[in-house]
Amino acid sequence: MGKSSLWGIFTSYVGTLRDDGRKRARGVDVVVHLVLPVVVAVGYVACRELKLVSEPACGIVDRAVTLVSIFSAFLCGAAIMVFQLRADLATSKPGGGVTGKELLLVDELYKDMLWAIVAGFGCAALFTLQGVVGPIWKPAGWAAEALAVALLLNFCLVVCMCLKRMLFVYENIVSYWSADTDA
């Protein structure tokens with residue numbers, strides 16, 4: 001499964017959940033991005049099965065699948081633009097004002113965007129799978145729904161992180177160009 005494995009994208013994304021100063025994983029980020037979505041998803045599915053939460057209408061899940069798919073597709077286009085930005089920065093003249101920290105920011109943005117695409121499409125696929133296998137074999141339906149909800153929550157968090165990093169990249173580029181025009 002080597003060439004079709006998405007494990008590298010996942011580990012690259014997890015690698016962005018680190019503290020700049022210590023250069024290692026930041027526990028709070030790992031918990032918020034990975035553990036919390038799983039706990040909330042399992043809790044949601046358990047509460048729904050215990051009839052503590054009413055079952056969502058199929059229309060809500062259908063709309064979620066559509067929305068996440070559209071966002072993931074937009075992220076594919078944005079990832080191509082970030083890839084081009086990184087290629088342009090790599091070919092810029094040495095000492096041209098681009099620091100290693102700025103390159104790292106663009107690299108991390110790209111890695112996060114790739115994971116958001118995977119999480120979004122995975123979420124849509126799992127919600128679809130849940131609708132197919134859930135009526136046939138309940139435990140598989142619960143597992144698919146829990147994973148889909150966890151990926152949906154993770155997707156939302158990663159998209160927010162991407163937006164924040166896009167702002168930082170934009171601010172760096174604006175400050176670079178305004179410093180360049182002032183000279």
Side-chain angles (χ1 to χ4, degrees), residues 1-38 63-127 147-183:
M1 192 157 145
K3 292 187 186 208
S4 61
S5 174
L6 300 173
W7 184 251
I9 294 174
F10 176 72
T11 58
S12 293
Y13 153 67
V14 171
T16 68
L17 301 175
R18 64 175 169 65
D19 186 350
D20 256 351
R22 296 181 308 159
K23 304 284 188 219
R24 62 180 198 182
R26 188 165 177 247
V28 172
D29 289 339
V30 171
V31 168
V32 168
H33 279 255
L34 301 175
V35 177
L36 188 62
V38 172
R63 287 181 184 95
V65 168
T66 301
L67 184 67
V68 169
S69 298
I70 290 169
F71 268 84
S72 295
F74 282 140
L75 282 169
C76 285
I80 291 168
M81 289 184 240
V82 171
F83 181 86
Q84 184 61 49
L85 171 64
R86 181 59 171 92
D88 292 345
L89 292 174
T91 59
S92 67
K93 60 183 176 185
V98 179
T99 67
K101 193 171 185 175
E102 291 164 339
L103 290 176
L104 179 64
L105 178 63
V106 173
D107 291 342
E108 288 183 348
L109 170 61
Y110 185 72
K111 292 171 184 177
D112 290 341
M113 291 177 97
L114 291 181
W115 176 250
I117 293 164
V118 170
F121 286 139
C123 170
L126 284 166
F127 271 130
L147 284 172
V149 170
L151 277 175
L152 176 63
L153 296 173
N154 176 263
F155 174 80
C156 292
L157 290 168
V158 177
V159 167
C160 288
M161 188 167 56
C162 288
L163 291 171
K164 183 179 174 183
R165 287 191 170 158
M166 288 172 100
L167 176 64
F168 289 150
V169 168
Y170 173 80
E171 288 173 346
N172 282 330
I173 290 171
V174 167
S175 67
Y176 171 75
W177 283 106
S178 56
D180 201 35
T181 57
D182 292 340

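Because only heavy atoms are used, hydrogens play no part in the values below, and waters and symmetry mates are left out as well, while side chains stay in. One-based numbering along the sequence shown.
- Between Tyr13 and Leu34 there is a side-chain heavy-atom pair separated by less than 4.5 Å.
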| message | Run Asn172 and Val106 through side chain to side chain contact (heavy atoms under 4.5 Å, CB included) and show every step you take. | response | CA-CA 10 Å; Asn172 282 330; Val106 173; over 6 Å; no

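- Residue Cys162 holds its SG atom at 9.0 Å from CG of Leu114, rounded to the nearest 0.5 Å.
- A heavy-atom distance below 4.5 Å is not found between the side chains of Arg26 and Leu17.
- Taking both residues in full, the closest heavy atoms of Thr11 and Gly8 are given as OG1-O, 3.1 Å, listed atom of the first, atom of the second, then distance.
- Taking CG of Leu89 as the reference point, atom CG of Leu105 lies at 10.5 Å (rounded to 0.5 Å).
- Note that the CE atom of Met113 and the OG atom of Ser72 stand 11.0 Å from one another [nearest 0.5 Å].
- Taking the side chain as every heavy atom from C-beta outward, Arg86 and Leu109 never approach each other to under 4.5 Å.
- A 4.5 Å side-chain heavy-atom check between Val149 and Phe127 finds at least one atom pair inside the cut-off.
- Contact annotation: the side chain of Leu36 never approaches that of Leu157 to less than 4.5 Å [non-hydrogen atoms, C-beta and beyond].
- With values rounded to the nearest 0.5 angstrom, Asp112 atom CG is found 3.5 Å from Thr16 atom OG1.
- Within the 4.5 Å cutoff, the side chain of Leu126 has no heavy atoms near those of the Leu152 side chain.
- The two residues Cys76 and Phe121 make their nearest non-hydrogen contact at SG-CE1, 4.2 Å.
- In the displayed structure, Phe71 atom CZ is contacted under 6.0 Å by at most 12 heavy atoms of other residues, nucleotides or ligands.
- By the 4.5 Å heavy-atom criterion applied to side chains, Arg18 and Glu108 are counted as neighbours.
- Here the closest heavy-atom approach between residue Ala148 and residue Cys123 is recorded as O-SG, 3.5 Å.
- With rounding to the nearest 0.5 Å, the separation of OH in Tyr110 from CD1 in Ile80 is 8.0 Å.
- Here the closest heavy-atom approach between residue Pro37 and residue Val32 is recorded as CD-O, 3.2 Å.
- To the nearest 0.5 Å, atom CE of residue Met81 and atom CG of residue Leu75 are 10.5 Å apart.
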